**Q** 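Okay, handing you the structure first.
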Amino acid sequence: MKIFLMNIIPEYIYRGLITRSSVVLLLLCAIILQPFVGMSQSSHSKINTVVIDAGHGGKDPGAISKIINEKDVVLSIALKLGTYIEKYFPNVNVIYTRKTDVFIPLNRRSEIANQNKADLFISIHANANDNHSISGTETYTLGLHKTKENLAVAMKENSVMLYEDDYSTKYEGFDPKNPASYIIFNLLQGMNRENSINLAEFTEFQFKTRVGRHSRGVREAGFWVLKQVSMPSILVEVGFVSNPTEANYLKHSENQDYLASAIFRAFRDYKTKVEESSVVLERKEELVRIDTTIATSVINEPETNPQLEYCIQIKSSTKQIPLNSTAFNQLENIKERMSDGVYKYTVGSTDKYKEIVILQKEIRKVINDCFVVVFYNGERISLSKAKKLQKT
């Protein structure tokens, strides 16, 4: 059944201005919520810097096979990924932990991310297993391993520290070969966990649906390189070099392009979600910033402003999508927009915030991850700025 966007919301829902009592309540809430909102991450709305970490390198080959070495494959994919981001998001600062075949200690990799105040950390690896029939991609976030298999992967990747002198002292007595050492990874990265999982899910989705790889899913395990960084982070295993068929796939530059582009699309979708989808965070920020002057003027300003346009973004893509594509789940009146080299597709058009929120609930019945966007004279602006302009 198609969803028609005209005349589906009763007009009476939107009538009436904010009362003086509701303004007072807003001001009280602002005072109460101030300390709690201040505790949230200040960088939630922008992805300005991303650190790309090619695992292993130099004297540490990583996982090896007769066909390829892990360190070579992941370096190629990391550089390709960075090139995609630099091309399509020139305002994003891309930093590499290594760009050549050199050995970088684990703690130095995390230092690079922290010192540059990165908003995202992506570590790229390739896997290996004694069972040479196992294949597929995996994306890890920091956590306590739930299976022996996840622990084995963490042990393999953490063993890079064995190449370093006096690693026991440098890594606070951590022994990558001792399962008991991994207890420290439980309940770490609490604030970043949800965002890390979101990026991991986007990555595995792209591997499966756009590259056609076998996805082994999103997993958690104790990786030292993820433990030390102070931002959302993932560790991507692009395949198993121990599987001859997959090793042959991974050695080809074209396939490395596909894998890099999949991680790029996951980055793009994550960036969009973080910067554009959080209506709740935008409204909290507005609540904290509101003052008596603005609150008083709310009562007297008109309800609508024809220069503002609220709509629902339902999809974005680096490639143009036909407006009659089945990807739009039978929605009608799709509008295509271009921003930062990315095609963005929206439905609905109204100058009433309350109306677009109700419309979003309807659209979510068919596209769960849709979100509200707003334009002012055709230019994209934040929800908080729109609310200030509209004063409703």
Side-chain angles (χ1 to χ4, degrees), residues 50 52-55 62-63 65 70 73-74 77-78 81 120-158 179 182 185-190 192-227 229 231-247 249-250 255-256 258-274 277 367-369:
V50 56
I52 301 175
D53 172 45
S65 72
E70 176 183 1
V73 173
V74 300
I77 294 173
L81 168 61
L120 205 57
F121 181 84
I122 301 174
S123 188
I124 303 175
H125 292 256
N127 218 331
N129 195 289
D130 291 338
N131 183 348
H132 293 179
S133 66
I134 294 179
S135 64
T137 63
E138 301 169 340
T139 302
Y140 283 86
T141 62
L142 180 67
L144 185 65
H145 64 276
K146 295 180 173 64
T147 67
K148 291 182 179 179
E149 184 178 30
N150 290 10
L151 174 61
V153 175
M155 284 180 155
K156 177 182 78 70
E157 301 300 355
N158 288 331
Y182 287 78
F185 292 100
N186 194 20
L187 300 179
L188 290 173
Q189 261 210 340
N192 294 321
R193 184 173 183 272
E194 183 177 354
N195 281 342
S196 298
I197 291 174
N198 285 337
L199 177 58
E201 289 176 342
F202 284 141
T203 302
E204 285 302 308
F205 175 81
Q206 290 293 337
F207 282 149
K208 180 178 180 180
T209 62
R210 298 297 294 272
V211 188
R213 303 304 297 160
H214 168 55
S215 170
R216 290 166 56 85
V218 174
R219 303 181 175 211
E220 290 186 350
F223 296 95
W224 190 273
V225 72
L226 300 187
K227 169 184 177 291
V229 296
M231 71 287 304
S233 57
I234 59 172
L235 187 146
V236 183
E237 299 280 2
V238 296
F240 284 78
V241 303
S242 52
N243 180 305
T245 301
E246 194 148 86
Y249 173 89
L250 291 172
N255 295 329
Q256 294 166 7
Y258 294 149
L259 292 166
S261 65
I263 303 172
F264 164 74
R265 288 192 296 269
F267 164 82
R268 178 202 65 202
D269 293 344
Y270 172 85
K271 186 176 187 294
T272 299
K273 182 181 179 69
V274 168
S277 68
I367 300 180
N368 185 56
D369 59 350

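Sequential numbering from 1 along the given sequence is applied to the chain's residues. Everything numeric here is computed off the predicted structure, so don't read it as measured data.
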**Q** For Y258, what residues pass the side chain to side chain contact (heavy atoms under 4.5 Å, CB included) criterion, not counting sequence neighbours?
**A**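 Once residues adjacent in sequence are excluded, the partners of Y258 under the side chain to side chain contact (heavy atoms under 4.5 Å, CB included) criterion are V211, Y249, E254, N255.
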
**Q** If only atom types and distance count, is the side chain of E70 paired as donor or acceptor with the main-chain N or O of A63 below 3.5 Å?
**A**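 The answer is yes, because a donor-acceptor pair under 3.5 Å joins these two groups.
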
**Q** Go through the structure and list residues passing ring-ring contact (aromatic ring centres under 6.0 Å, His included) with F202, not counting sequence neighbours.
**A**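 Once residues adjacent in sequence are excluded, F202 has no partner under the ring-ring contact (aromatic ring centres under 6.0 Å, His included) criterion.
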
**Q** Mind jotting down which residue pairs meet the salt bridge (Lys or Arg N to Asp or Glu O under 4.0 Å) criterion with at least one end in residues 201-212? Sequence neighbours excluded, please.
**A**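 Counting only pairs at least two positions apart or across chains, no salt bridge (Lys or Arg N to Asp or Glu O under 4.0 Å) contact touches residues 201-212.
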
**Q** Please round to the nearest 0.5 Å and tell me the distance separating atom OH of Y140 and atom CD1 of I197.
**A**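 So the gap between those two atoms works out to 14.0 Å.
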
**Q** Output the distance between atom CG (N127) and atom CZ (F240), rounded to the nearest 0.5 Å.
**A**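 Answer for the CG-CZ pair, N127 versus F240, is 4.0 Å.
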
**Q** Holding to side chain to side chain contact (heavy atoms under 4.5 Å, CB included), I want the full list of residues that pass it with S65, two or more places apart in sequence or in another chain.
**A**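 Testing S65 for side chain to side chain contact (heavy atoms under 4.5 Å, CB included), a comparison that skips the adjacent residues, returns I67, I68, V241, A247.
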
**Q** Can you list the residues that meet the salt bridge (charged side-chain N to carboxylate O under 4.0 Å, His left out) rule with R213, with sequence neighbours excluded?
**A**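 Partners of R213 by the salt bridge (charged side-chain N to carboxylate O under 4.0 Å, His left out) criterion, ordered by chain and then number, come out as E246.
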
**Q** Check side chain to side chain donor-acceptor pair (under 3.5 Å) between T203 and all other residues, then give those that pass, not counting sequence neighbours.
**A**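 With neighbours one apart ignored, the set is empty.
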
**Q** Which one of I124, L259, L250 satisfies the side-chain contact (heavy atoms from CB on, under 4.5 Å) criterion with V73?
**A**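 Checked I124, L259, L250 against V73; only one passes side-chain contact (heavy atoms from CB on, under 4.5 Å): L250.
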
**Q** How far apart are the closest heavy atoms of I263 and F207, and which atoms are they?
**A**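 Smallest interatomic distance, heavy atoms only, reads CG1-CZ, 3.7 Å.
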
**Q** Walk me through whether I134 and R216 qualify under side-chain contact (heavy atoms from CB on, under 4.5 Å).
**A** CA-CA 10 Å; I134 294 179; R216 290 166 56 85; 3.4 Å; yes

**Q** Between OG of S233 and CG of N195, what distance do you get to the nearest 0.5 Å?
**A**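 Here the rounded value is 10.5 Å.
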
**Q** Considering non-hydrogen atoms only, spot the tightest contact between I52 and A78 and give its length.
**A**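 Closest pair (atom of I52, atom of A78, distance): CG2-CB, 3.7 Å.
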
**Q** Can you tell me how far apart OG1 (T139) and CZ (F205) are? Round to the nearest 0.5 Å.
**A**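 T139 OG1 to F205 CZ: 13.5 Å, rounded to 0.5 Å.
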
**Q** List the atom of V74, the atom of A54, and the distance in Å for their closest heavy-atom pair.
**A**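 Nearest pair, atom of V74 first, then A54: O-CB, 3.9 Å.
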
**Q** Can you sort out the partners of D130 under side chain to side chain contact (heavy atoms under 4.5 Å, CB included), two or more places apart, ordered by chain and number?
**A**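 For D130 there are no side chain to side chain contact (heavy atoms under 4.5 Å, CB included) partners, ignoring immediate neighbours.
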
**Q** Looking at every non-hydrogen atom in both residues, tell me the closest pair between N243 and S135 and how far apart they are.
**A**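 In terms of heavy atoms, the two residues are closest at ND2-CB, 3.6 Å.
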
**Q** Measure the spacing between CD1 of I234 and CG of N198 and express it to the nearest 0.5 Å.
**A**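 The distance works out to 11.0 Å.
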
**Q** Can you tell me how far the NZ atom of K273 sits from the CZ atom of R268, to the nearest 0.5 Å?
**A**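 Here the rounded value is 14.5 Å.
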
**Q** Identify the heavy atoms of F267 and V50 that sit nearest to each other, and give their distance.
**A**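 So the minimum-distance heavy-atom pair works out to CE1-CB, 4.3 Å.
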
**Q** Locate the shortest heavy-atom distance separating S123 from D53; write the atom from each residue and the value.
**A**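 Taking every non-hydrogen atom into account, OG-OD2, 2.6 Å.
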
**Q** List in chain and number order the residues that pass side chain to side chain donor-acceptor pair (under 3.5 Å) with Y270, two or more places apart in sequence or in another chain; answer none if no residue qualifies.
**A**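 Once residues adjacent in sequence are excluded, Y270 has no partner under the side chain to side chain donor-acceptor pair (under 3.5 Å) criterion.
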
